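Here the structure is laid out as structure tokens; the discussion comes afterwards.
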Amino acid sequence: MLPKQYDPSELETKLFKQWESAGYFSRNAGGHANPEAPPYTIVIPPPNVTGVLHMGHALNNTLQDILTRRARMQGRPTRWIVGTDHAGIATQNKVEQKLAASGKTRFDLGREAFVEECWQWRSEYGSTIIEQLKAMGCSCDYNNEKFTMDASYAAAIRKVFVSWYRAGRIYRGNRIINWCPRCTTALADDEVEHKDEQGSLWHIRYPLLEPVGDIKYLVVATTRPETMLGDTGVAVALDDERYSELLNANAKVCLPLTDRVIPIFADEYVDKNFGTGAVKVTPAHDPNDFEMGKRHNLPEINIFNEHAIINANGGIFAGMERYEARAAILQALEDLGLLEKTDTHDHAVGHCYRCDTTIEPWASEQWFVSMAPLAKPAIKAVRDGRISFNPKRWEKVYFQWMESIRDWCISRQLWWGHRIPVFYCDACGWQDASETDLQKCPSCGSALRQDEDVLDTWFSSQLWPFATASWPADDAQDPLKTYYPTQVLSTARDIIFLWVARMIMSSLYFVDEQIPFRDVIIHPTVLDKHGNIMSKSRGNGIDPLELISDFGADAMRFGLALQVTGAQDMKFDRDKLASSRNFATKIWNAARFVLMNLEDFQPATNDAQNTAVTSSDSVEKNTAVASSDSVEKNTAVASSDSVEKNTAVTSSDSVEKNTTAVFAPVAQTDADRWILSRLAALALELDDESKSFDFGAIARGLYAFFWNEFCDWYIEFAKGQLADASLRRSTQQILVFVLDNALRLLHPFMPFVTEEIWQSIPHGCTSPHLIVAPYPQTCTFAGLHNFNAESGINDVIAIVQALRSTRARYAISPKQSLDVYISLQASEHASKNTYDDASKNLCDCEVRLRSIHEQGFLINKLANCDNVNVTIGGELPGASSVTVVNGMQIAIVLDGLIDFNAEQQRLQKELQKQVDALDKLRRKLSNEGFLAKAASDVIQKSKDDFAELELTVEQIKSQLAGLKVLS
RNA sequence: GGGCGUUUGGCGCAGCGGGAGCGCGCUUCCUUCACACGGAAGAGGUCACUGGUUCGAACCCAGUAACGCCCACCA
């Protein structure tokens, strides 16, 4: 028996250990996977070794675990590959901080010792985030943890680099790159974050060497005046008359604060309408100026060292930090009377995505990958649908970036990372890339020198899907042959370019033109409750571990999944988890109720079904459902197919073979048939391929079924049925069956609470743990759809609700039982017939009457009535309050209590409402356009609704007439 | 400058062509033997705005506004 209180923290650790030690996280799921079934693989976006679990991880890994657990339960050989990223800059920063605490820099240690220190740091702190994933319940393959600096991974990097180098895809060049003066390294374009900042546009007079006519100077406008120290020209627009005289005279400028004379020239780049129409040109510190410099043969004068401190080229400003120099230069210009004016100017300023320092464009020798040829097949792979983004709109973002892709700067001036495998001979000038370390020059025998730089961390991350599958192994055991491509990649939108696109490009290039994954899930970004991005500096982050300890891992997972919709953001507030925590508690208590009523439980054993569940053919069916042609099959199940089976069900009342439960529950009452039918509908809904990544919709479906249908109604019905000796046994079986299947469907979302309960219930399944129990299959539930029972129970529910409502209205104590009369009436025009009987109307009512009569004991129990008298068109007692619903007049006898006035008012109001609705429908049905153009089923539905409304209106009117007589 | 997202009851959101719904909050009642992290009954919205398409629009199209995100070398 389960304890009264559900205590997540106590159970989570215990259950996780059970799963882990049973080996369920490995590909064969501890022997429970079907080797014949199609494999299912997800690679985790490797968190940085420096990482600590944040809400983004919590969300992303919840989604991946849901998919992984579902696939595992479907019997597929499933593996969620886990590991960490060495995170060059981030880790180096951490270790440098650690050294700084003891007053040291990395240069004090030297490269080798520093790298050793990084490895040390990794072994000490690198598994923090992995442990945190376990707290979430993530079922990753922890026994095969990967790291982007593993030896095998390094081999993959080498192979990639050398291949591209030989193919001419990787080249070295002097370019303007984004330089972070704090990290002292180059960054790729997409590692720079642009922020709009309010700056100034300074107008500076550049005196001419010799006046031209009256012109003694020209004015340039700049946002970065300090770079003037590196100016080697002034550019004007091609057709700017203001400067044609200067150009004709071949005038030159004396660059202030220096002794340099620089040319004036015209260039297509310059926009004569901006600023003064004259641009100072600094080829070493601006990408556009760099290009202009190339076009006009200007020298490049680098004025900064790697910390953005002015170097010797800056003359008297040498040694100043860049902003210090800016102030000093402006002051000096002011003193010289050369600062004409200062405008405010908003512009985008680049910042380092790692440390937020303002980026300095800087000319330097770097390694680049030429991207355009790689992008082409990657664009095609998405265009032709081999890879799909979810939501689909992200494909557009992908295309836009890929189609205007620029070359990728891959060299970083760091020590922690994969060192660029290029070797140089200083003696003879030999140079080559090599997969192995080279010592001596093959040409002259001199000692070789390896490139000092390391590769961009994303260069290694891009290989993650195949490098973790042992690429470039080429033996028969090659996991790539069996398990590639992977199925799903789930990540945040901010690394679509940095990572996702590059994985696609490199996989297509290196792995036999194979895609790395079929589906890309771009999940929403978790914002705080006010809609702000969560960040350390804002201090508005929420710690997932705190949520787990306060609400339980299940509640956190479910609460997050619940909020995943197509939107790009999700506002998150910890209070939102309360309802998910309550849901976990609800599941727990519902299970307790079931268990409390099983003392004399006997399973309806059926060995044949037991084998069907775990046998291979069930897995095959599963696969079919998950594949593309499943849509058709699914539809078939929902439509004609099921109608036929339905008849069979009503006759035999037993569940078809192949159910996922080990016994076939025998439904005896409409309530039984109803809940089984609802369960079948749920399974069908969850199996909808088009919604397979719509986690919010699936979670809502599970929630609504379990709480609003199973708990609110079926369990309440069951209380009545359990008290009836003839129904007790079957009711127990249905309760266990539905609970069992609901737990299986819920398990991927809420693994802990479902596992704990499942182990306590007599599910009869041979699987030792829910995590490897078969996932319910839609096809096996098809025979459970039962529209008769759904209609019958809908009547019961409507009656109970009407009675409760009246009771509340008259403030009648729940303890006082009611005397109830129900009069059924068939609409003459309605064709709506939820019953199978071929004949309509009166007969319809008879079926209905019988059904209500059969459920009478449930109504008595749920609404506390003495007896429910049902008639077809029978007279209702006068001293009663009547509710009209679904063609039923439900009368509660209220001798002496009835307030005729209030009843009249209430019914008048209700009448008005119904008459309005009726009028609306009448107008619709008399609209020829509607009758001519609307779909026939829509027209039919409108006619049915009209007939029913008409009946309702009549019933209310007659009731009102009766009241008038009485009052 | 270009692209994208959001705008629905007090708050957070779902629905995305034919009945405005969920969770939280709110009101009233109920500690009855699964659950007060609960049960029952209620109140509360002209679905941002303006046009258009349609027999019919919260839903499709165009435009507007507000908020947010991304991309882009305007010095």
Side-chain angles (χ1 to χ4, degrees), chain A residues 2 4-6 176 189-190 194 201 220-224 227 235 269-271 273-282 286-291 345 347-348 350 361 391 393-394 396-397 400-401 404 493-494 496-497 524-525 527 529 531-533 551 555 559 562-563 565-573 575-576 578-597 696-697 700 703-704 708 711-712 715-716 719 800-801 804-809 811 813-815 862-864 917 920-921 924 927-935 937-939 941-942 945:
Chain A
L2 302 170
K4 183 156 181 173
Q5 198 61 39
Y6 167 54
I176 294 277
D189 293 330
D190 46 12
H194 292 275
L201 192 59
V220 298
T222 181
T223 54
R224 291 155 66 215
T227 61
Y269 164 75
V270 181
D271 173 4
N273 297 318
F274 186 89
T276 62
V279 182
K280 58 188 277 307
V281 181
T282 323
D286 183 279
N288 295 305
D289 294 7
F290 183 82
E291 293 304 319
H345 180 67
H347 60 143
R393 78 183 112 87
W394 292 110
K396 193 173 170 185
V397 176
Q400 277 173 355
W401 189 74
S404 56
R493 70 177 112 101
D494 54 352
I496 292 177
F497 309 140
T525 302
L527 307 176
K529 63 175 169 180
N532 297 311
I533 205 149
F551 296 98
L562 206 48
Q563 290 179 73
T565 60
Q568 65 174 14
D569 297 320
M570 126 182 349
K571 286 186 204 169
F572 185 83
D573 180 10
D575 293 345
K576 281 187 180 180
S579 67
S580 294
R581 184 250 276 125
N582 296 352
F583 183 44
T585 309
K586 190 75 179 176
I587 297 170
W588 183 260
N589 282 303
R592 276 185 0 105
F593 169 80
V594 173
L595 287 168
M596 278 175 188
N597 288 283
R700 281 192 300 277
Y703 184 98
N708 304 126
C711 292
D712 286 352
I715 284 185
E716 294 308 315
K719 286 174 183 172
V800 170
Q801 284 176 332
R804 285 171 174 170
S805 185
T806 304
R807 190 190 283 279
R809 194 159 5 96
S813 156
K815 286 174 184 135
L862 267 62
N864 189 21
K920 206 174 149 191
L921 265 181
K924 194 175 193 177
N927 181 335
E928 282 176 29
F930 175 72
L931 295 172
K933 296 185 181 174
D937 59 323
V938 173
I939 296 173
K941 186 179 179 304
S942 298
D945 289 349

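A note on names: the letters A, B, ... follow the listed sequences, proteins ahead of strands, and every chain is numbered from 1. Please read all numbers here as calculations on a predicted model, not as lab measurements.
Using cut-offs of 30° and 60° for the angle between ring planes, the A:Phe274 and A:His345 rings count as perpendicular.
Spacing of C1' atoms, B:rG10 relative to B:rU27, comes out at 14 Å, to the nearest Å. Rounded to whole Å, the P atom of B:rU50 lies 41 Å from the corresponding atom of B:rG38. B:rU64 and B:rG1 are spaced 13 Å apart, taking the P atom of each and rounding to whole Å. Here the separation of B:rC73 from B:rA48, taken at their C1' atoms, is 37 Å to the nearest Å. Comparing the C1' positions of B:rC61 and B:rA43 gives an interatomic distance of 38 Å, to the nearest angstrom. Nucleotides B:rC37 and B:rG68 place their C1' atoms 34 Å apart, quoted to the nearest Å. On the P atoms, B:rG5 is 24 Å away from B:rC74, given to the nearest whole Å. With both ends at atom C1', the span from B:rG44 to B:rA20 equals 13 Å, rounded to whole Å.
A:Gln400 has its CD atom 13 Å from the C1' atom of B:rG1, to the nearest Å. Distance, A:Tyr703 OH to B:rC13 P: 17 Å, rounded to whole Å. Rounding to whole angstrom units, CZ of residue A:Arg700 and C1' of B:rG23 are separated by 11 Å. What separates CZ of A:Phe930 from P of B:rG17 is a distance of 17 Å, to the nearest Å. When rounded to the nearest whole Å, the span between CZ of A:Phe572 and P of B:rC13 equals 12 Å. The interatomic distance linking A:Leu931 (CG) with B:rG56 (C1') rounds to 12 Å, in whole Å. Whole-Å rounding puts the A:Asp937 CG to B:rG18 C1' distance at 10 Å. Between the CG atom of A:Leu527 and the C1' atom of B:rG12 there is a distance of 13 Å, rounded to whole Å.
Nearest-nucleotide positions on RNA chain B for A:Gly929 and A:Lys529 put A:Lys529 closer to the 5' end. Mapping A:Asn708 and A:Thr565 onto RNA chain B via the closest heavy atom, the residue that lands nearer the 5' end is A:Thr565.
Between A:Ile587 and A:Phe583 the shortest side-chain heavy-atom distance falls below 4.5 Å.
No contact: A:Ala811 has no heavy atom under 4.0 Å from any strand. Counting non-hydrogen atoms under 4.0 angstrom, A:Arg807 reaches nothing in the nucleic acid. Residue contacts shown for A:Lys396 are limited to sugar-phosphate atoms, with no base heavy atom under 4.0 Å away.
In this view, A:Asp189 and A:Asn178 satisfy the side-chain hydrogen bond (donor to acceptor under 3.5 Å, both in side chains) rule, not counting sequence neighbours. Every residue two or more places apart in sequence or in another chain that forms a salt bridge (charged side-chain N to carboxylate O under 4.0 Å, His left out) with A:Asp569 is listed here: A:Arg493. Taking A:Ser404 as the reference, nothing meets the side chain to side chain contact (heavy atoms under 4.5 Å, CB included) condition, with sequence neighbours excluded. Under the rule for a side-chain hydrogen bond (donor to acceptor under 3.5 Å, both in side chains), A:Asp573 has no partner lying at least two apart in sequence or in another chain. In this view, A:Asn708 and A:Asp712 satisfy the side-chain hydrogen bond (donor to acceptor under 3.5 Å, both in side chains) rule, not counting sequence neighbours. With sequence neighbours excluded, the residues satisfying side-chain hydrogen bond (donor to acceptor under 3.5 Å, both in side chains) with A:Thr227 are A:Lys280. Applying the side chain to side chain contact (heavy atoms under 4.5 Å, CB included) criterion to A:Gln400, with sequence neighbours excluded, gives A:Lys396. For A:Arg581, the side chain to side chain contact (heavy atoms under 4.5 Å, CB included) test picks out A:Phe551, A:Ala555, A:Ala578, A:Thr585, with sequence neighbours left out. Partners of A:Glu291 under the salt bridge (charged side-chain N to carboxylate O under 4.0 Å, His left out) rule, at least two apart in sequence or in another chain, do not exist in this structure.
With a 6.0 Å cutoff to the six-membered ring centre and a 45° limit on the axis angle, A:Lys586 does not count as a cation-pi contact of A:Tyr6.
Applying the 4.0 Å criterion to OP1 and OP2 of B:rC13, one finds that A:Lys571 has a side-chain N or O inside that range.
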Assign a letter to each nucleotide of nucleotides 69-74 of chain B from its 5' end: B, base within under 4.0 Å of a protein heavy atom; S, sugar-phosphate only; -, no contact. S-SSBB
Encode nucleotides 32-49 of chain B as B, S and - characters from 5' to 3', where the letter depends on protein heavy atoms closer than 4.0 Å: B to the base, S only to sugar-phosphate, - to neither. --BB-BSSSSS-------
In dot-bracket form, how is RNA chain B paired, counting a Watson-Crick or G-U wobble pair only if both its distances are under 3.5 Å and using | for bases paired to another strand? (((((((..((((....[..)))).(((((.......))))).....(((((..]....))))))))))))....
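For A:Lys941 and A:Asp937, the salt-bridge test fails: no basic side-chain N is under 4.0 Å from an acidic carboxylate O.
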